[in-house]
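The structure appears right after this line, and notes come after that.
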Amino acid sequence: MSGESQSYFLTAHVYLCITDDYAVMLDLRRDTYVAVNRDQMNSLAACVRGWPAIDATDSSGEIAHECLDPVVSKLIAANMFTNSPASGKEARPVEIPRPDVALVIEDLEVRPEVRFVDVARFLYASAISTSRKRAPTT
C-alpha cells in the first residue's frame with residue numbers, strides 16, 4: 001500500500017503486539033486491551049501507517065486491501081487512532097529481546113522463611129474472606 005493511503009496513526013499511549021491470530025493493542029491511558037482479528041489486520045494495514053500486514057487473504061479467501069472504516073471509526077472514538085502525525089506514531093509492534101539469563105539466580109535456590117506471624121496473617125485473611133463470601137449482599 002502506498003504511504004498516501006495510510007492516513008491514521010496509533011496515539012502515543014497505545015502499543016501494538018502481533019500474535020498468530022490477532023493484533024492486540026494496549027491502551028495505557030485507559031488500562032485496557034483491544035484485539036483485532038486476523039481478517040481485519042490487513043485491512044488496517046491499508047490505512048494505518050506502519051501496521052504490519054500478515055497475509056494476503058482473509059479467512060474467506062478474499063484479498064483484504066480496503067480500509068475498514070467502522071473499525072477505524074471505533075478506534076478513533078476510543079482515542080487509540082489519530083490522523084495527526086504530530087500526536088501519533090507508526091503502528092510498529094513493540095520488539096523486546098528474549099531474555100536468555102536469569103537476573104537473580106541465587107534467589108531461586110533460597111527457601112523463604114515462614115514465621116508464625118506469616119501463618120497467623122494467612123489464616124486471619126482466609127477466615128475474613130470466607131466469612132465475607134458467605135455473608136448475604138444487600
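Not measured: the values here are computed from a predicted model. Just so you know, these numbers use all the heavy atoms, side chains as well, and skip hydrogens, waters and symmetry mates.
When side chains are defined from C-beta on, Pro85 counts as touching Phe9, because their heavy atoms get closer than 4.5 Å. When side chains are defined from C-beta on, Trp51 counts as touching Met41, because their heavy atoms get closer than 4.5 Å. Inter-residue side-chain proximity for Val34 and Asp27 is flagged as unmet; no heavy-atom pair is nearer than 4.5 Å. Using a 4.5 Å heavy-atom cutoff, the side chains of Arg29 and Asn79 are in contact. Taking the side chain as every heavy atom from C-beta outward, Met25 and Leu75 approach each other to under 4.5 Å. Side-chain contact check for Leu26 versus Leu28: some heavy-atom pair is nearer than 4.5 Å.
Phe116 and Leu123 fall into different hydrophobic clusters, defined by Ile, Leu, Val, Met, Phe, Trp and Tyr side-chain heavy atoms under 4.5 Å apart, directly or through other members. A single hydrophobic cluster is not seen to contain both Ile128 and Val119; linkage of ILVMFWY side chains at heavy-atom distances under 4.5 Å, directly or through other members, places them apart.
Heavy-atom minimum distance, Gly88 versus Thr82: CA-CG2, 3.6 Å. The two residues Pro52 and Pro93 come nearest to each other via the heavy atoms CG-CG, 3.9 Å. Closest of all the heavy-atom pairs between Leu16 and Ala91 is CD2-O, 3.2 Å. Taking every heavy atom of both residues into account, Glu90 and Gly50 meet most closely at OE1-CA, 4.0 Å.
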Working for side chain to side chain contact (heavy atoms under 4.5 Å, CB included), residues Met80 and Tyr8: CA-CA 10 Å; Met80 295 181 78; Tyr8 297 102; over 6 Å; no
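Take Asp118 and apply the salt bridge (charged side-chain N to carboxylate O under 4.0 Å, His left out) test, not counting sequence neighbours, and it matches Arg115.
Judged by a 6.0 Å distance limit and a 45° cone about the ring axis, Lys74 is not positioned over the six-membered ring of Phe81.
Looking at Lys89, its side chain never comes within 3.5 Å of a backbone N or O of His13 through a donor-acceptor pair.
Within the structure, side-chain hydrogen bond (donor to acceptor under 3.5 Å, both in side chains) contacts touching residues 119-128 (residues at least two apart or in different chains) do not occur.
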